[in-house]
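Everything on this sheet refers to the single structure shown next.
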Number of protein chains: 2
Amino acid sequence: MRQVDIDTKMKFLHGLSNKTRIQILESIKEDEKTVSQIVQDINGNQSNISQHLSCLKGCGLVVGRQDGKYVYYRVRNQLVRDLLTMVDVVLEDVEKDVACCDSHVE
Amino acid sequence: MRQVDIDTKMKFLHGLSNKTRIQILESIKEDEKTVSQIVQDINGNQSNISQHLSCLKGCGLVVGRQDGKYVYYRVRNQLVRDLLTMVDVVLEDVEKDVACCDSHVE
DNA sequence: TCATCATATTAGCAATAACTAATATGTATG
DNA sequence: CATACATATTAGTTATTGCTAATATGATGA
């Protein structure tokens, strides 16, 4: 396996480290949305969401396209979608594992 | 797909949001190590590494076992290992994608 | 071209997180 | 039971991040 540059990797993972950003990703995981739709969707602040979208774009997690006065954002591709799904799957597994097996260690 | 609690998810993802923690995970991805081995391995500070290990344990990403005066840490299980691998895979794909297709958008 | 609407950017403040040094806990061994 | 060593915890400081409000940019259409 090739070695991925750690700083590039951190920049990428940084995209997943904030609640609002995760909410955005969940919101647009299946279909693209305009900024204002996202703002409504997750009940956020326009400036804030815009900044987070810019961050997510910088991380490569989402892409945007302008259509008239709207900008539509979507998750970059299926692989990124798969990664998001995998996070949920692994988390669920870990939760189960912790519940049953870590009790005596705590 | 079941809806994962967002705050639980954030706690989990927080484990992946720091460079030192990622270095730790990479260091113990294949085989377990003691705290001091990890400290050496990534050239870190004992207190700092210990705190990060505690964080990673809290996130469910790693587990520790005491053996005499040593504590061995390892990545929790194969699924977590797979997730770490997947991050690298997706990142690599995104990098390639950005390099070839996002230039005119930047 | 002016007014309006969608989005982006900036600046300043508030909240979190990370780091270091010092100290505490706990395990082994003479 | 005293000493040494491995790890954990705490406290204080610094650095990073996120938020909000205000303003700027850029597109549309009267």
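Reckoned from all heavy atoms, side chains included, excluding hydrogens, waters and symmetry mates. Lettering of chains follows the sequences in order, A, B, ..., and the numbering in each one begins at 1.
Atom CD1 of A:I24 and atom C1' of D:dG18 are 12 Å apart (whole Å). As a whole-Å value, the separation of B:I22 CD1 from C:dA18 P is 12 Å. Residue A:Q40 contributes atom CD, which lies 15 Å from atom P of C:dC5 at whole-angstrom precision. Regarding A:Q46, its CD atom lies at a distance of 14 Å from the P atom of D:dA22, rounded to whole Å. Following rounding to the nearest Å, B:K69 (NZ) and D:dT7 (P) show an atom-to-atom distance of 9 Å. Taking atom CG on B:N45 and atom P on D:dT9, their separation rounds to 15 Å, with Å as the unit. Atom CG in B:L56 sits roughly 12 Å away from atom P in D:dA8 (whole-Å rounding). Distance A:N43 CG to D:dC19 C1': 15 Å, rounded to the nearest Å.
For the side-chain hydrogen bond (donor to acceptor under 3.5 Å, both in side chains) test, residues two or more places apart in sequence or in another chain that qualify with A:S27 are A:K33, A:D41.
Remark: the backbone N or O of A:H14 is paired with a side-chain donor or acceptor of A:S17 at under 3.5 angstrom. Side chain of A:R21 to backbone of A:H52: no donor-acceptor contact under 3.5 angstrom is found. Between the side chain of A:N77 and the main chain of A:V80, a donor-acceptor pair closer than 3.5 Å is present. Distance alone, capped at 3.5 Å, is enough to place a donor-acceptor pair between the A:Q66 side chain and the A:G68 backbone. Of the possible polar contacts, none joining the A:K57 side chain to the A:Y73 backbone as a donor-acceptor pair under 3.5 Å is found.
Atom CG of A:N43 sits in a sparse spot, with 12 or fewer heavy atoms from other residues, nucleotides or ligands closer than 6.0 Å.
Annotation: proximity of residues 6-21 of chain B to DNA chain D (heavy atom, distance under 4.0 Å) is found for no residue. Sorted by residue number, the members of residues 47-55 of chain B with any non-hydrogen atom under 4.0 Å from DNA chain C read B:S47, B:N48, B:Q51, B:H52.
Between B:S36 and the phosphate of D:dT7, there is a side-chain N or O to OP1/OP2 separation shorter than 4.0 Å. Regarding contacts with the backbone of D:dA8, a side-chain N or O of B:Y73 is found under 4.0 angstrom from either OP1 or OP2.
Judged by distance alone, with hydrogens and angles left aside, A:Q66 brings no side-chain donor or acceptor close enough to the base of D:dA27 to form a pair under 3.5 Å.
Looking at heavy-atom distances under 4.0 Å, A:Y72 makes no contact with the nucleic acid at all.
The closest side-chain heavy-atom distance from B:K19 to B:Q23 is below 4.5 Å. Between A:E32 and A:V63 the shortest side-chain heavy-atom distance does not fall below 4.5 Å.
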